[in-house]
Protein chains: 2
Amino acid sequence: MVDETFDDLAEGSSVGAAQRVFHALSSAPRRKILAYLSASGLTAGEIADRFSMSKPAVSQHLSVLETAGLIRREKRGQFVHYSLIENNLVNTLNGFVQEVCPIGRPIKKESQARARAKDLP
Amino acid sequence: MVDETFDDLAEGSSVGAAQRVFHALSSAPRRKILAYLSASGLTAGEIADRFSMSKPAVSQHLSVLETAGLIRREKRGQFVHYSLIENNLVNTLNGFVQEVCPIGRPIKKESQARARAKDLP
DNA sequence: AAAATAATTAAGCAATAAGCTAATTGCTTA
DNA sequence: TAAGCAATTAGCTTATTGCTTAATTATTTT
């Protein structure tokens, strides 16, 4: 067992941006909200109308999505309009896929080196 | 409030494949495991060596990843080798990005229709 | 066959998350 | 300014997660 304590692959803060994004995406209602917002901006009430849960519950989900940087909040009069921040979502997912999928990256090299070390006398 | 009860955007089962994948990805240790496996297959013990937590804890994470269809398990003698199933990971993330990002899809049309309905007398 | 090693399962515990209702804040309008 | 509506915050309950140590299963080695 080796303690490295890097929360995410290349991030220092205790709860990194990637962690917030992936946590936000782990909830089906939150993904559904993102899908709704991909069609058009909506007020908090319009979003809540599309769910069977209470308004405060939806508000919490919106808060999680906003904290993750996936949606933006804009107050107009007594309404709060929410809309998608497409960039951040795509960037985070892409960053992860890059890390896990095809190309070389630091952790890949480290892991390969360790794998090789085991094969030698 | 309207109850629609579709867990994922286009899936019927109570806990859909997408939900399992996103849940699996919501944990930093699990993402780290995926990153290690992207470099080369590893035994359960080799994976556990890379973490500060206990072996059973790592085993649980591996189980979650396997249930999500992100990694495969292969027993050879007394060792268990784990390796990445790249296809499933990429497909699920891509499916989600397709839904949320650029192109037309059922939920998009539905939401746009509802948004328009509000603007009419 | 006994002992050692790899890995998992089981049982239990503290921390977190997701939902509810009730209360609060902020804006608009009668 | 009082009433009403939009939205969030607060306080609480229940379920789930993520870990721990101890016990179990399966394989290999002596």
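We name chains A, B, ... by the order of the sequence lines, and we start the count at 1 in each one. For clarity, every value in this text was computed on a predicted model and none was experimentally measured.
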- Side-chain N,O (His61(B)) to OP1/OP2 (dC19(D)) below 4.0 Å: yes
- Query: What does Ala57(B) touch in the nucleic acid at a heavy-atom separation under 4.0 angstrom: a base, only the sugar-phosphate, or nothing?
  - Reply: base
- Query: Once you round it to whole Å, what is the distance between P of dA17(C) and CE of Met53(A)?
  - Reply: 16 Å
- Message: Walk me through whether Leu25(A) and Leu25(B) qualify under side-chain contact (heavy atoms from CB on, under 4.5 Å).
- Response: CA-CA 9 Å; Leu25(A) 293 180; Leu25(B) 294 179; over 6 Å; no
- Message: Mind checking if Ser63(B) touches a base, just sugar-phosphate, or nothing, with heavy atoms under 4.0 Å?
- Response: nothing
- Take the protein atom CD of Gln78(A) and the nucleotide atom P of dT8(D), then report the distance between them rounded to whole Å. 12 Å
- Item | Rounded interatomic separation in angstrom, taking CZ from Phe79(A) and P from dG4(D) | 17 Å
- Query: Is the backbone of Ser63(A) close enough, under 3.5 Å, to the side chain of Thr67(A) for a donor and an acceptor to pair up by distance?
  - Reply: yes
- Measure from NZ on Lys75(B) to P on dT9(C) and round the result to the nearest Å. 10 Å
- Message: Between C1' on dT17(D) and CD on Gln19(B), what's the gap in Å once rounded to a whole number?
- Response: 14 Å
- Message: Using whole Å, what does the distance between atom P of nucleotide dA17(C) and atom CG of Leu25(A) come to?
- Response: 15 Å
- Message: So if I take every side-chain heavy atom of Ser54(B) and compare against dT21(D), dC19(D), dA6(D), which nucleotide ends up nearest?
- Response: dT21(D)
- Query: Separation of Phe51(A) atom CZ from dC20(C) atom C1', in whole Å?
  - Reply: 17 Å
- Item | Nearest-Å distance for atom pair CG/C1', residues Leu65(B) and dT8(C) | 16 Å
- Message: Is His23(B) close enough to dT17(D) that one of its side-chain N or O atoms is under 4.0 Å from OP1 or OP2 there?
- Response: yes
- Message: Partner lookup for dA30(C), please. Criteria are Watson-Crick or G-U wobble with both distances under 3.5 angstrom; report none if nothing qualifies.
- Response: dT1(D)
- Sugar-phosphate, base or nothing in reach of Arg30(B), heavy atoms under 4.0 Å: sugar-phosphate
- Does Arg76(A) place a side-chain N or O at less than 4.0 Å from the phosphate oxygens OP1/OP2 of dC27(C)? no
- Out of dC19(D), dA7(D), dA6(C), minimum distance to the side chain of Lys55(B) belongs to dA6(C)
